[in-house]
Amino acid sequence: MATKHELSLNALTSSDRRDEIMIAAKRSLSNCLSETNLHLTIPVLKSKTRGKVRDIYDGGDYLVLVTTDRQSAFDRVLASIPFKGQVLNDTSLWWFNQTHHIAPNAIIAVPDQNVTIAKKCSVFPVEFVVRGYVTGSTDTSLWTVYENGVRNYCGNVLPEGMVKNERLPANIITPTTKAADHDVPIAPDEIVQQGLMSQADYEEASSKALSLFEYGQRVALEHGVILVDTKYEFGKGPDGSVLLIDEVHTPDSSRYWLAHSYESRFQNGVEPENVDKEFLRLWFKDHCNPYEDKVLPDAPEDLVTELAWRYDFDTIIILSLVLSATIQPSFW
(Lines give C-alpha, C1' and ligand atoms only; values in the text may rest on other atoms or scores of the structure.)
Protein backbone atom coordinates (compact mmCIF):
# COMPACT_ATOMS: atom_id res chain seq x y z
CA MET A 1 0.00 0.00 0.00
CA ALA A 2 1.25 3.48 -0.81
CA THR A 3 2.26 5.66 2.09
CA LYS A 4 0.82 9.09 2.76
CA HIS A 5 3.96 10.65 1.28
CA GLU A 6 3.75 8.51 -1.86
CA LEU A 7 0.13 9.51 -2.41
CA SER A 8 1.06 13.15 -2.00
CA LEU A 9 3.93 12.84 -4.45
CA ASN A 10 1.76 11.06 -7.00
CA ALA A 11 -0.85 13.80 -6.74
CA LEU A 12 1.71 16.54 -7.22
CA THR A 13 3.21 14.90 -10.30
CA SER A 14 -0.15 14.53 -12.01
CA SER A 15 -0.08 15.44 -15.68
CA ASP A 16 -2.50 18.35 -15.24
CA ARG A 17 -0.36 20.05 -12.60
CA ARG A 18 2.90 19.45 -14.44
CA ASP A 19 1.44 20.56 -17.77
CA GLU A 20 0.14 23.76 -16.18
CA ILE A 21 3.59 24.74 -14.91
CA MET A 22 5.38 23.68 -18.08
CA ILE A 23 3.03 25.75 -20.26
CA ALA A 24 3.38 28.79 -18.00
CA ALA A 25 7.17 28.42 -18.01
CA LYS A 26 7.32 28.14 -21.79
CA ARG A 27 5.27 31.32 -22.17
CA SER A 28 7.64 33.15 -19.82
CA LEU A 29 10.97 32.09 -21.35
CA SER A 30 11.48 35.53 -22.91
CA ASN A 31 10.43 37.34 -19.74
CA CYS A 32 12.85 35.97 -17.17
CA LEU A 33 14.42 38.29 -14.60
CA SER A 34 18.01 37.87 -15.76
CA GLU A 35 19.45 41.30 -14.97
CA THR A 36 18.58 44.26 -12.74
CA ASN A 37 19.99 47.79 -12.42
CA LEU A 38 18.16 49.34 -9.49
CA HIS A 39 21.15 51.55 -8.60
CA LEU A 40 20.56 53.52 -11.80
CA THR A 41 17.07 54.61 -10.74
CA ILE A 42 17.13 54.52 -6.92
CA PRO A 43 19.64 57.11 -5.62
CA VAL A 44 19.92 55.61 -2.12
CA LEU A 45 21.45 52.44 -3.56
CA LYS A 46 25.15 53.20 -3.84
CA SER A 47 26.51 50.28 -5.83
CA LYS A 48 25.71 46.92 -7.36
CA THR A 49 27.48 43.58 -6.97
CA ARG A 50 26.46 40.90 -9.47
CA GLY A 51 26.57 37.40 -8.04
CA LYS A 52 25.85 34.16 -9.87
CA VAL A 53 22.16 34.39 -9.00
CA ARG A 54 21.64 37.51 -6.88
CA ASP A 55 22.16 41.19 -7.63
CA ILE A 56 23.22 42.87 -4.38
CA TYR A 57 22.79 46.61 -3.80
CA ASP A 58 24.46 48.65 -1.06
CA GLY A 59 21.89 50.74 0.77
CA GLY A 60 24.19 52.07 3.48
CA ASP A 61 23.24 50.27 6.69
CA TYR A 62 21.46 47.52 4.77
CA LEU A 63 21.64 45.49 1.58
CA VAL A 64 18.98 44.95 -1.07
CA LEU A 65 19.24 41.48 -2.58
CA VAL A 66 17.37 40.71 -5.78
CA THR A 67 17.07 36.99 -6.53
CA THR A 68 17.07 36.69 -10.30
CA ASP A 69 16.09 33.77 -12.53
CA ARG A 70 19.72 33.07 -13.44
CA GLN A 71 20.70 29.41 -13.16
CA SER A 72 24.27 28.67 -12.11
CA ALA A 73 26.37 25.52 -11.91
CA PHE A 74 30.03 24.75 -12.50
CA ASP A 75 30.78 28.27 -11.21
CA ARG A 76 29.05 29.95 -14.16
CA VAL A 77 25.59 30.99 -15.35
CA LEU A 78 24.01 28.37 -17.60
CA ALA A 79 20.52 29.71 -18.33
CA SER A 80 17.56 31.67 -16.97
CA ILE A 81 14.68 29.67 -15.48
CA PRO A 82 11.16 31.15 -15.39
CA PHE A 83 9.84 31.93 -11.88
CA LYS A 84 13.00 30.63 -10.25
CA GLY A 85 13.90 33.85 -8.42
CA GLN A 86 10.59 34.23 -6.63
CA VAL A 87 10.49 30.55 -5.70
CA LEU A 88 13.98 30.75 -4.17
CA ASN A 89 13.26 33.99 -2.33
CA ASP A 90 9.96 32.79 -0.87
CA THR A 91 11.41 29.39 0.04
CA SER A 92 14.33 30.98 1.87
CA LEU A 93 12.01 33.33 3.74
CA TRP A 94 9.98 30.39 5.01
CA TRP A 95 13.10 28.55 6.19
CA PHE A 96 14.59 31.69 7.76
CA ASN A 97 11.40 32.09 9.79
CA GLN A 98 11.38 28.41 10.78
CA THR A 99 15.03 28.27 11.87
CA HIS A 100 15.43 31.46 13.86
CA HIS A 101 15.61 29.37 17.05
CA ILE A 102 18.71 27.64 15.66
CA ALA A 103 20.48 30.56 14.01
CA PRO A 104 19.48 34.24 14.02
CA ASN A 105 19.48 35.69 10.52
CA ALA A 106 20.06 39.00 8.78
CA ILE A 107 16.60 39.39 7.22
CA ILE A 108 14.88 42.77 7.73
CA ALA A 109 12.02 42.67 5.19
CA VAL A 110 10.82 41.07 1.97
CA PRO A 111 9.01 43.83 0.03
CA ASP A 112 8.71 41.81 -3.19
CA GLN A 113 8.79 38.13 -4.14
CA ASN A 114 12.22 38.60 -5.70
CA VAL A 115 13.61 41.08 -3.17
CA THR A 116 15.03 40.76 0.35
CA ILE A 117 16.33 43.60 2.51
CA ALA A 118 18.99 42.41 4.94
CA LYS A 119 21.32 43.75 7.59
CA LYS A 120 24.78 44.53 6.32
CA CYS A 121 27.18 41.93 7.68
CA SER A 122 30.86 41.21 7.54
CA VAL A 123 30.53 38.02 5.48
CA PHE A 124 32.79 35.10 6.31
CA PRO A 125 34.57 34.05 3.07
CA VAL A 126 33.63 30.43 3.72
CA GLU A 127 30.66 28.35 2.59
CA PHE A 128 29.55 25.64 5.00
CA VAL A 129 28.65 22.68 2.80
CA VAL A 130 26.88 20.02 4.85
CA ARG A 131 26.49 16.52 3.44
CA GLY A 132 24.55 13.46 4.47
CA TYR A 133 25.33 11.22 1.48
CA VAL A 134 28.22 10.35 -0.86
CA THR A 135 26.98 11.73 -4.17
CA GLY A 136 27.34 14.45 -6.79
CA SER A 137 28.76 15.09 -10.25
CA THR A 138 30.91 18.23 -10.01
CA ASP A 139 34.67 18.27 -9.47
CA THR A 140 34.23 19.12 -5.78
CA SER A 141 31.34 16.73 -5.10
CA LEU A 142 31.93 14.14 -2.42
CA TRP A 143 31.42 11.19 -4.77
CA THR A 144 33.89 12.57 -7.32
CA VAL A 145 36.69 12.97 -4.78
CA TYR A 146 35.82 9.68 -3.07
CA GLU A 147 35.90 7.80 -6.38
CA ASN A 148 39.33 9.34 -7.00
CA GLY A 149 40.62 7.71 -3.83
CA VAL A 150 40.43 10.60 -1.35
CA ARG A 151 39.66 9.36 2.17
CA ASN A 152 40.39 12.51 4.15
CA TYR A 153 38.38 15.39 2.73
CA CYS A 154 38.18 18.81 4.36
CA GLY A 155 39.19 17.28 7.67
CA ASN A 156 36.71 14.40 7.47
CA VAL A 157 37.92 10.79 7.50
CA LEU A 158 35.76 8.79 5.06
CA PRO A 159 35.30 5.01 5.50
CA GLU A 160 36.39 2.54 2.85
CA GLY A 161 33.91 0.64 0.71
CA MET A 162 31.25 3.28 0.22
CA VAL A 163 29.29 3.47 -3.04
CA LYS A 164 27.61 6.35 -4.82
CA ASN A 165 24.46 7.74 -3.15
CA GLU A 166 25.10 5.87 0.11
CA ARG A 167 24.29 7.59 3.36
CA LEU A 168 27.27 8.69 5.44
CA PRO A 169 27.68 7.32 8.98
CA ALA A 170 27.09 10.90 10.19
CA ASN A 171 26.52 14.29 8.59
CA ILE A 172 29.74 16.13 7.77
CA ILE A 173 30.85 19.65 6.85
CA THR A 174 33.11 20.13 3.83
CA PRO A 175 33.84 23.88 3.81
CA THR A 176 34.83 25.80 0.71
CA THR A 177 36.35 29.23 0.32
CA LYS A 178 34.25 31.82 -1.50
CA ALA A 179 36.70 32.52 -4.32
CA ALA A 180 35.79 34.97 -7.10
CA ASP A 181 35.53 32.41 -9.90
CA HIS A 182 35.21 29.05 -8.14
CA ASP A 183 34.87 27.44 -4.73
CA VAL A 184 37.91 25.73 -3.22
CA PRO A 185 37.60 22.93 -0.60
CA ILE A 186 39.39 23.72 2.64
CA ALA A 187 39.91 22.05 6.02
CA PRO A 188 38.76 23.75 9.25
CA ASP A 189 42.30 24.18 10.60
CA GLU A 190 43.30 25.90 7.34
CA ILE A 191 40.37 28.30 7.68
CA VAL A 192 41.70 29.45 11.06
CA GLN A 193 45.36 29.41 10.01
CA GLN A 194 44.64 31.57 6.97
CA GLY A 195 42.71 34.08 9.07
CA LEU A 196 39.43 33.51 7.24
CA MET A 197 37.61 32.99 10.56
CA SER A 198 38.58 32.84 14.20
CA GLN A 199 38.40 29.48 15.94
CA ALA A 200 35.43 30.65 18.01
CA ASP A 201 33.51 31.94 14.99
CA TYR A 202 34.18 28.77 13.02
CA GLU A 203 33.02 26.54 15.87
CA GLU A 204 29.83 28.58 16.33
CA ALA A 205 29.01 28.68 12.61
CA SER A 206 29.77 24.99 12.05
CA SER A 207 27.62 24.00 15.03
CA LYS A 208 24.74 26.09 13.68
CA ALA A 209 25.23 24.59 10.20
CA LEU A 210 24.96 21.01 11.47
CA SER A 211 21.89 21.87 13.57
CA LEU A 212 20.22 23.62 10.62
CA PHE A 213 20.89 20.62 8.40
CA GLU A 214 19.52 18.11 10.92
CA TYR A 215 16.38 20.22 11.31
CA GLY A 216 16.05 20.56 7.54
CA GLN A 217 16.43 16.81 7.06
CA ARG A 218 13.70 16.14 9.60
CA VAL A 219 11.24 18.60 8.04
CA ALA A 220 12.02 17.38 4.52
CA LEU A 221 11.51 13.72 5.44
CA GLU A 222 8.16 14.55 7.02
CA HIS A 223 7.17 15.79 3.55
CA GLY A 224 8.48 12.78 1.66
CA VAL A 225 11.86 14.04 0.49
CA ILE A 226 15.47 13.61 1.59
CA LEU A 227 17.66 16.67 2.15
CA VAL A 228 20.88 15.19 0.79
CA ASP A 229 23.27 18.12 1.08
CA THR A 230 23.19 21.90 1.19
CA LYS A 231 25.32 24.96 1.87
CA TYR A 232 25.04 27.77 4.39
CA GLU A 233 26.68 31.17 4.61
CA PHE A 234 27.21 33.27 7.71
CA GLY A 235 28.34 36.77 8.57
CA LYS A 236 28.92 38.95 11.61
CA GLY A 237 26.29 41.54 12.35
CA PRO A 238 26.95 45.06 13.65
CA ASP A 239 26.68 43.75 17.22
CA GLY A 240 29.22 40.97 16.63
CA SER A 241 26.68 38.16 16.50
CA VAL A 242 27.03 35.35 13.95
CA LEU A 243 24.08 35.58 11.53
CA LEU A 244 22.73 33.21 8.88
CA ILE A 245 22.65 34.95 5.49
CA ASP A 246 22.04 34.37 1.77
CA GLU A 247 19.56 31.44 1.38
CA VAL A 248 18.36 28.36 3.22
CA HIS A 249 17.44 24.90 1.88
CA THR A 250 16.42 26.11 -1.56
CA PRO A 251 16.53 23.85 -4.63
CA ASP A 252 19.48 26.00 -5.73
CA SER A 253 21.62 25.48 -2.64
CA SER A 254 20.43 21.96 -1.81
CA ARG A 255 20.07 18.50 -3.26
CA TYR A 256 16.75 16.68 -2.71
CA TRP A 257 15.70 13.10 -3.45
CA LEU A 258 12.29 11.48 -3.23
CA ALA A 259 12.29 9.41 -0.06
CA HIS A 260 9.81 6.64 -0.87
CA SER A 261 11.90 5.26 -3.74
CA TYR A 262 15.42 5.93 -2.45
CA GLU A 263 16.15 2.61 -0.74
CA SER A 264 14.93 0.34 -3.53
CA ARG A 265 16.73 2.37 -6.20
CA PHE A 266 19.92 2.47 -4.15
CA GLN A 267 19.87 -1.30 -3.63
CA ASN A 268 19.45 -1.78 -7.38
CA GLY A 269 22.20 0.67 -8.32
CA VAL A 270 19.76 3.15 -9.85
CA GLU A 271 20.13 6.90 -9.40
CA PRO A 272 17.67 8.42 -6.88
CA GLU A 273 14.71 10.42 -8.13
CA ASN A 274 15.88 14.00 -7.69
CA VAL A 275 13.95 17.26 -7.60
CA ASP A 276 16.85 19.67 -7.95
CA LYS A 277 19.17 20.93 -10.69
CA GLU A 278 21.35 17.82 -10.87
CA PHE A 279 19.85 16.71 -14.18
CA LEU A 280 20.84 20.07 -15.69
CA ARG A 281 24.43 19.60 -14.50
CA LEU A 282 24.48 16.15 -16.07
CA TRP A 283 23.17 17.46 -19.41
CA PHE A 284 25.96 20.03 -19.65
CA LYS A 285 28.60 17.48 -18.64
CA ASP A 286 27.33 15.20 -21.43
CA HIS A 287 27.41 17.95 -24.08
CA CYS A 288 30.49 20.02 -23.23
CA ASN A 289 33.25 20.67 -20.71
CA PRO A 290 31.46 23.17 -18.47
CA TYR A 291 34.64 24.01 -16.57
CA GLU A 292 36.91 24.71 -19.53
CA ASP A 293 34.83 25.51 -22.63
CA LYS A 294 34.64 29.28 -23.15
CA VAL A 295 31.27 29.07 -24.88
CA LEU A 296 28.64 26.61 -23.68
CA PRO A 297 25.68 25.30 -25.69
CA ASP A 298 22.31 26.84 -24.96
CA ALA A 299 20.19 24.74 -22.64
CA PRO A 300 17.29 23.24 -24.64
CA GLU A 301 13.89 24.80 -24.08
CA ASP A 302 12.39 21.57 -22.73
CA LEU A 303 15.24 21.32 -20.22
CA VAL A 304 14.62 24.86 -18.99
CA THR A 305 10.88 24.36 -18.59
CA GLU A 306 11.48 21.02 -16.85
CA LEU A 307 13.71 22.75 -14.34
CA ALA A 308 11.04 25.40 -13.72
CA TRP A 309 8.66 22.57 -12.88
CA ARG A 310 11.16 20.89 -10.57
CA TYR A 311 11.71 24.07 -8.58
CA ASP A 312 7.95 24.43 -8.21
CA PHE A 313 7.56 20.75 -7.32
CA ASP A 314 10.26 20.85 -4.66
CA THR A 315 8.73 23.91 -3.03
CA ILE A 316 5.23 22.43 -3.02
CA ILE A 317 6.33 19.25 -1.25
CA ILE A 318 8.43 20.75 1.50
CA LEU A 319 6.32 23.80 2.20
CA SER A 320 2.92 22.22 1.72
CA LEU A 321 1.76 23.19 5.20
CA VAL A 322 2.19 26.90 4.53
CA LEU A 323 1.93 27.12 0.77
CA SER A 324 -1.62 28.36 0.51
CA ALA A 325 -0.91 31.17 2.96
CA THR A 326 2.59 32.35 2.15
CA ILE A 327 4.12 30.92 -1.02
CA GLN A 328 2.19 31.71 -4.15
CA PRO A 329 4.37 32.63 -7.13
CA SER A 330 2.40 34.82 -9.53
CA PHE A 331 1.97 32.10 -12.17
CA TRP A 332 -0.03 29.81 -9.83
Side-chain angles (χ1 to χ4, degrees), residues 51 56 63 65 92-93 95-108 116 118-136 138 140-142 145-146 150-159 162 167-180 182-221 226-250 252-255:
I56 304 170
L63 297 175
L65 300 92
S92 276
L93 176 62
W95 281 109
F96 276 126
N97 289 335
Q98 296 297 309
T99 59
H100 198 275
H101 64 291
I102 299 173
N105 59 67
I107 306 305
I108 296 174
T116 294
K119 300 174 185 175
K120 186 179 286 187
C121 297
S122 176
V123 179
F124 296 123
V126 174
E127 290 188 349
F128 287 75
V129 182
V130 189
R131 307 178 187 272
Y133 293 77
V134 182
T135 192
T138 65
T140 57
S141 73
L142 193 55
V145 298
Y146 189 88
V150 176
R151 294 296 180 270
N152 192 316
Y153 189 54
C154 299
N156 300 283
V157 177
L158 304 173
M162 297 197 74
R167 181 160 192 169
L168 290 161
N171 296 330
I172 62 172
I173 297 178
T174 58
T176 63
T177 59
K178 286 176 59 63
H182 64 283
D183 299 332
V184 180
I186 188 171
D189 58 346
E190 295 174 317
I191 292 172
V192 177
Q193 290 168 8
Q194 295 180 22
L196 302 178
M197 298 180 71
S198 69
Q199 184 69 41
D201 286 341
Y202 178 81
E203 290 178 356
E204 180 176 353
S206 60
S207 175
K208 291 181 186 300
L210 286 171
S211 296
L212 287 164
F213 189 65
E214 291 167 2
Y215 177 79
Q217 283 185 313
R218 186 166 66 251
V219 173
L221 195 57
I226 297 170
L227 176 58
V228 179
D229 50 46
T230 193
K231 65 97 177 169
Y232 305 103
E233 295 186 42
F234 297 92
K236 256 193 172 175
D239 62 354
S241 59
V242 175
L243 300 177
L244 180 63
I245 63 172
D246 195 48
E247 61 184 326
V248 188
H249 300 161
T250 69
D252 231 23
S253 64
S254 312
R255 193 188 317 269

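When all heavy atoms are compared, the tightest approach of N156 to I173 is ND2-O, 2.8 Å. Contact record, F128 with A209: CB-CB, 4.1 Å, taken as the closest heavy-atom pair. Of all the heavy atoms in T140 and D183, the pair that sits closest is CG2-O, 4.2 Å. Counting all heavy atoms, side chain and backbone alike, P104 lies closest to V242 at CG-O, 3.9 Å. Taking both residues in full, the closest heavy atoms of L212 and A103 are given as CD1-CB, 4.2 Å, listed atom of the first, atom of the second, then distance. Heavy atoms only, all atoms of each residue included: S254 and L227 are closest at CB-CD1, 3.8 Å.
Remark: L63 CG to T116 OG1 distance equals 11.0 Å, nearest 0.5 Å. Remark: I245 CD1 to K119 NZ distance equals 12.5 Å, nearest 0.5 Å. The distance from the CG atom of L158 to the CD1 atom of I172 is 5.5 Å, given to the nearest 0.5 Å. Atom CD of Q217 is separated from atom CD1 of I226 by 9.0 Å, given to the nearest 0.5 angstrom. Summarising the geometry, atom CG belonging to D229 is positioned 8.0 Å from atom OG1 belonging to T174; distances are rounded to the nearest 0.5 Å. Note that OG1 of T99 and CG of N105 are 6.5 Å apart. Values are rounded to the nearest 0.5 Å.
When ring centroids are compared, Y232 and F124 stay outside the 6.0 Å threshold. No close placement of the F96 and H249 rings is indicated, their centers lying 6.0 Å or farther apart.
In this structure, S253 contributes its side chain and T230 its backbone to no donor-acceptor pair below 3.5 Å. Panel note: side chain Y146, backbone M162; a donor-acceptor pair is recorded below 3.5 Å. The backbone N or O of S207 lies less than 3.5 Å from a partner atom in the side chain of S211, making a donor-acceptor pair.
E233 is not listed as a side-chain neighbour of E247, based on a closest heavy-atom distance of 4.5 Å or more. In this structure, L244 and F234 have side chains that are in contact, with non-hydrogen atoms separated by less than 4.5 Å. Side chains of P159 and P169 form a contact here, defined as non-hydrogen atoms less than 4.5 Å apart. Counting only heavy atoms from C-beta outward, the side chains of V219 and Q98 never approach each other to under 4.5 Å. Residues P125 and T177 form no side-chain contact, since every pair of their non-hydrogen atoms from C-beta on lies 4.5 Å or further apart.
Every salt bridge (Lys or Arg N to Asp or Glu O under 4.0 Å) that D252 has, sequence neighbours left out, goes to K84, K277. Evaluation of the salt bridge (Lys or Arg N to Asp or Glu O under 4.0 Å) rule for E204 yields K208 as partners, not counting sequence neighbours.
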T176 vs K231, side chain to side chain contact (heavy atoms under 4.5 Å, CB included): CA-CA, chis, key distance, verdict: CA-CA 10 Å; T176 63; K231 65 97 177 169; over 6 Å; no
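Between R255 and T135, the side chains place no donor N or O within less than 3.5 Å of an acceptor N or O (distance only, hydrogens not considered).
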